[in-house]
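For reference, the structure discussed in these notes is given below.
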Amino acid sequence: MKALIGFAKMRDDELVMSCRTIIGAMTGNPKYPNPTPDLLDLESILEDFITKLAVARKRGSPEDTALKNESREPLIVALQQLGYYINGVAQGHLSTLLSSGFPTNSASFGNQVPLKIDNVRLSDGRQSGQVKLEFAPQKMATIYEYRYRIRDDFEQLWGDRFTTTSSRGNIIAPLEIGKFYEVQVRAVNTQGTGDWSDAASILVR
């Protein structure tokens with residue numbers, strides 16, 4: 001078993017999500033005490049790419065696109081170097097590999113797009129204006145996206161998409177007290193993006 005490092009084949013959004021997943025999984029992970037490159041350096045390279053990606057999408061000039069592509073290369077190289085470190089430490093041990101957040105060659109579902117998320121649940125958060133989001137996890141998901149909006153008669157557009165690596169304990173805030181909100185979730189992996197879940201709704205207290 002080994003961590004896969006084929007990041008050059010990923011689309012820009014997939015690359016960003018995979019990198020965020022890996023950083024989240026590696027941060028404070030006792031199985032990998034001395035990651036190479038350092039995670040702070042990797043975060044810096046990722047943020048540079050995200051910034052230039054946003055500019056390229058907003059303005060779309062050839063120069064902006066070239067700058068985005070140039071900033072993508074060091075991110076791919078850094079992830080590949082980290083993958084070599086992961087494989088060196090894990091020595092084929094599957095649970096150690098999986099704890100890194102890297103895709104591996106062990107999963108039979110690795111070439112499948114995620115399924116639709118089930119059992120989306122909303123509950124009151126600890127503080128007023130907060131909602132806790134939980135849902136059924138998927139083994140084939142690398143990361144999850146969720147979005148929300150106020151539920152009313154005008155069918156407002158969905159808001160920004162947010163990402164999470166966990167199916168439990170996600171806090172959505174700040175929200176307007178006394179308003180009904182609805183939330184959708186979908187799963188993402190390197191093969192694509194699943195369908196949005198059925199919307200769950202809650203009255204924010």
Side-chain angles (χ1 to χ4, degrees), residues 1-27 29 32 35 37 39-60 64-87 90 94 97-117 133 135-148 158-167 170 184-197:
M1 304 300 177
K2 64 179 181 178
L4 302 179
I5 57 173
F7 297 100
K9 299 178 181 179
M10 291 184 179
R11 298 191 297 270
D12 290 336
D13 286 335
E14 293 172 339
L15 182 62
V16 169
M17 287 186 289
S18 294
C19 190
R20 283 176 169 165
T21 298
I22 290 166
I23 290 173
M26 292 285 293
T27 299
N29 189 332
Y32 301 102
L39 295 182
L40 291 177
D41 292 336
L42 180 58
E43 284 189 53
S44 178
I45 297 170
L46 173 61
E47 290 306 316
D48 179 65
F49 175 64
I50 290 173
T51 299
K52 290 175 180 174
L53 174 61
V55 172
R57 285 182 169 172
K58 185 175 182 180
R59 299 193 302 201
D64 292 331
T65 301
L67 289 170
K68 182 266 293 184
N69 291 337
E70 289 169 3
S71 68
R72 176 186 165 98
E73 292 305 315
L75 180 59
I76 291 172
V77 170
L79 286 170
Q80 290 173 338
Q81 290 174 341
L82 187 58
Y84 296 141
Y85 167 78
I86 296 298
N87 284 326
L94 182 57
L97 285 170
L98 292 174
S99 76
S100 71
F102 268 76
T104 73
N105 63 345
S106 65
S108 60
F109 49 73
N111 60 350
Q112 298 179 22
V113 174
L115 302 174
K116 184 177 178 179
I117 294 290
L133 165 66
F135 47 89
Q138 276 196 34
K139 290 182 178 180
M140 65 181 68
T142 302
I143 201 168
Y144 303 99
E145 294 182 341
Y146 62 92
R147 62 185 184 180
Y148 60 89
W158 289 99
D160 294 337
R161 293 176 308 198
F162 299 87
T163 59
T164 179
T165 57
S166 174
S167 64
N170 297 288
Q184 288 184 316
V185 185
R186 65 182 180 182
V188 182
N189 65 15
T190 56
Q191 300 304 309
T193 303
D195 292 334
W196 286 108
S197 69

task = Go through the steps for D64 and K68 under the test salt bridge (charged side-chain N to carboxylate O under 4.0 Å, His left out), then give the verdict.
result = CA-CA 6 Å; D64 292 331; K68 182 266 293 184; over 6 Å; no
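- For L115 against Q138, the heavy-atom pair with the smallest separation is O-NE2, 2.6 Å.
- Interatomic distance, OG1 of T193 versus CD of E145, reported as 6.0 Å (0.5 Å rounding).
- Considering every non-hydrogen atom in both W196 and Q184, the closest pair reads CZ3-O, 3.6 Å.
- When all heavy atoms are compared, the tightest approach of N29 to S100 is ND2-N, 4.3 Å.
- Separating the OH atom in Y32 from the CG atom in L82 is a distance of 9.0 Å, to the nearest 0.5 Å.
- Test L94, T104, N87 against K2 for side-chain contact (heavy atoms from CB on, under 4.5 Å) and you get one pass: N87.
- Classification of the F102-F7 ring pair by plane angle, with boundaries at 30° and 60°, yields perpendicular.
- Summarising the geometry, atom CG belonging to L15 is positioned 8.0 Å from atom CG belonging to L46; distances are rounded to the nearest 0.5 Å.
- Between the CG atom in D48 and the CG atom in L75 there is a gap of 9.5 Å [rounded to 0.5 Å].
- Under the 30°/60° scheme for interplanar angles, the aromatic rings of F135 and Y144 are found to stand perpendicular.
- Closest approach of I50 and R20 over heavy atoms only: CD1-NH2, 3.5 Å.
- A141 approaches A187 most closely through the heavy-atom pair CB-CB, 3.7 Å.
- Evaluated for a side-chain contact (heavy atoms from CB on, under 4.5 Å) with N170, the options L133, V185, T165 yield exactly one hit, L133.
- One distance of note links NZ of K9 with CG of L4; it measures 9.5 Å at 0.5 Å rounding.
- Taken from OG1 in T27 to CG in L39, the straight-line distance is 5.0 Å, to the nearest 0.5 Å.
- Of the residues listed (I22, N189, T142, V188), the one engaging M17 in a side-chain contact (heavy atoms from CB on, under 4.5 Å) is V188, and it is the only one.
- For the pair A3 and L97, the tightest heavy-atom approach, listed with the atom from each and the gap, is N-CD2, 3.7 Å.
- Looking at heavy atoms from C-beta onward, M10 lies out of side-chain contact with L79 at the 4.5 angstrom threshold.
- Looking at T51, its side chain does come within 3.5 Å of a backbone N or O of E47 through a donor-acceptor pair.
- Among pairs with a residue in residues 69-83, those fulfilling side-chain hydrogen bond (donor to acceptor under 3.5 Å, both in side chains) read D12-R72, at least two apart in sequence or across chains.
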